[in-house]
Each structure stands twice: as C-alpha cells, then as structure tokens.
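Worksheet for the structure shown next.
All residue numbers in this chain count up from 1 along the given sequence. Predicted model only: the values in this text are computed from it and were never measured.
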Amino acid sequence: MTTVFDFELPKGYVDQAGTVHKMGKMRLATAGDEIGATRDPRVVSNPSYLTIVVLSKVIVELEGVEMVTPALIEKLFTADLAFLQDMYQRINDIQPVTMEVVCPECGHTHEVPLNFTREG
C-alpha cells in the first residue's frame, strides 16, 4: 500500500533567498493528525486554519526545506494551497463535493464532482 505520494506545486514556495521549491511528498493522514490539529490554539480561535495545520503535518518533504511548518504553508501561493488541498482529499479518499446538474440536451439529472482547483 502506498502511503507517501510525490507532488509538484504549480507555482512553488519561494523562500527568503528567492529560491523556488516545487517538489515534495505528502503522506496519508491519520486520525491523530486531524484530531491533534483541532486542538491547536490557532484552529480553536480560527477554524479555517485547520487546513494549514493538517497540511503542515502530512507534507513530509519539500525539496530544499528543512521543515514544513504552518508558517511555511501560510506563505504558499493560493494556487499551491488549492492544489495541496485537492491532493489531500484525493489520496485520503475523501468524497469530493458534488452538485446535481441537468443535461441541457436530454434533461437527464446526475451528480458531478466539483473541483475547486484549475488545471491546465
């Protein structure tokens, strides 16, 4: 079973020296990752910070960076954050948000997944 997955950020993390870091590895999340993150004081005061804390736990490597921290995740471009959120959901088999749509030609109703990231 694969538990660690390689990724390449669309934009990349730019460090203080101006070096761009794109290649990294994300591991599968554990229940402890998510439970522990909900206890983080930053998450308690701002629930939207949960994503930042969880990603900092499951990203085990970012090329040329000693340690991935919530402060580093905060500095990512929004395209990279969206990419990582999508990857997290995919590798952890989290059901995507869906929307019911109606085909304009045949009138058939069906569910389609919503992807909040832009690809291509």
Original post:
Side chains of His110 and Val101: closer than 4.5 Å at any heavy-atom pair?
Top reply: yes
Original post:
CD1 of Ile73 to OH of Tyr49: how many Å apart, nearest 0.5 Å?
Top reply: 9.5 Å
Subject >> side-chain contact (heavy atoms from CB on, under 4.5 Å) evaluation trace for Leu28 with Asn92 >> reply: CA-CA 6 Å; Leu28 292 176; Asn92 288 290; 3.8 Å; yes
**OP:** Please report the shortest heavy-atom distance between Leu62 and Val68, naming the atom on each side.
**Re:** CB-CG2, 4.1 Å
Subject >> Heavy-atom donor-acceptor pair, Asp33 side chain to Thr30 backbone, under 3.5 Å >> reply: yes
**OP:** Kindly say whether Lys25 contributes a backbone atom to a donor-acceptor pair with the side chain of Asp6 at under 3.5 angstrom?
**Re:** no
**OP:** Answer with yes or no whether the hydrophobic clustering places Ile59 together with Val4; edges join I, L, V, M, F, W, Y residues whose side-chain heavy atoms lie under 4.5 Å apart.
**Re:** no
Subject >> Heavy-atom pair of closest approach, residues Gly12 and Val20 >> reply: CA-CG1, 3.9 Å
Subject >> From Gln16 atom CD to Lys75 atom NZ, the distance as rounded to the nearest 0.5 Å >> reply: 6.0 Å
Original post:
Between Ala37 and Val53, what is the shortest heavy-atom contact and its length?
Top reply: CB-CG1, 3.6 Å
Subject >> Sidechain N-carboxylate O distance under 4.0 Å for Asp80, Lys11 >> reply: no
Original post:
Does any non-hydrogen side-chain atom of Glu100 lie less than 4.5 Å from one of Thr109?
Top reply: yes
Original post:
Looking at CG of Leu81 and CZ of Phe77, how far apart are the two atoms once the value is rounded to the nearest 0.5 Å?
Top reply: 12.5 Å
Original post:
What about Val60 and Met1, same hydrophobic cluster or not, with Ile/Leu/Val/Met/Phe/Trp/Tyr joined at side-chain heavy-atom distances under 4.5 Å?
Top reply: no
Original post:
Side chains of Leu50 and Thr38: does their closest heavy-atom pair fall under 4.5 Å?
Top reply: yes
**OP:** Please report the closest heavy-atom contact between Leu9 and His21, naming both atoms and the distance.
**Re:** CD1-O, 3.9 Å
Original post:
Out of curiosity, Leu55 CG to Glu74 CD, how far, rounded to the nearest 0.5 Å?
Top reply: 12.0 Å
**OP:** Check the pair Asp15, Val65 against side-chain contact (heavy atoms from CB on, under 4.5 Å), reporting the backbone distance first and the verdict last.
**Re:** CA-CA 9 Å; Asp15 66 20; Val65 174; over 6 Å; no
Original post:
So, are Asp40 and Lys57 salt-bridged, with charged N and O less than 4.0 Å apart?
Top reply: no
**OP:** Check for a donor-acceptor pair, side chain of Ser45 on one end and backbone N or O of Pro41 on the other, with a separation under 3.5 Å.
**Re:** yes
Subject >> Interatomic spacing from CE in Met26 to CE in Met87 - rounded to 0.5 Å >> reply: 5.0 Å
Original post:
Atom CG in Leu76, atom CD1 in Ile52: separation rounded to 0.5 Å?
Top reply: 7.5 Å
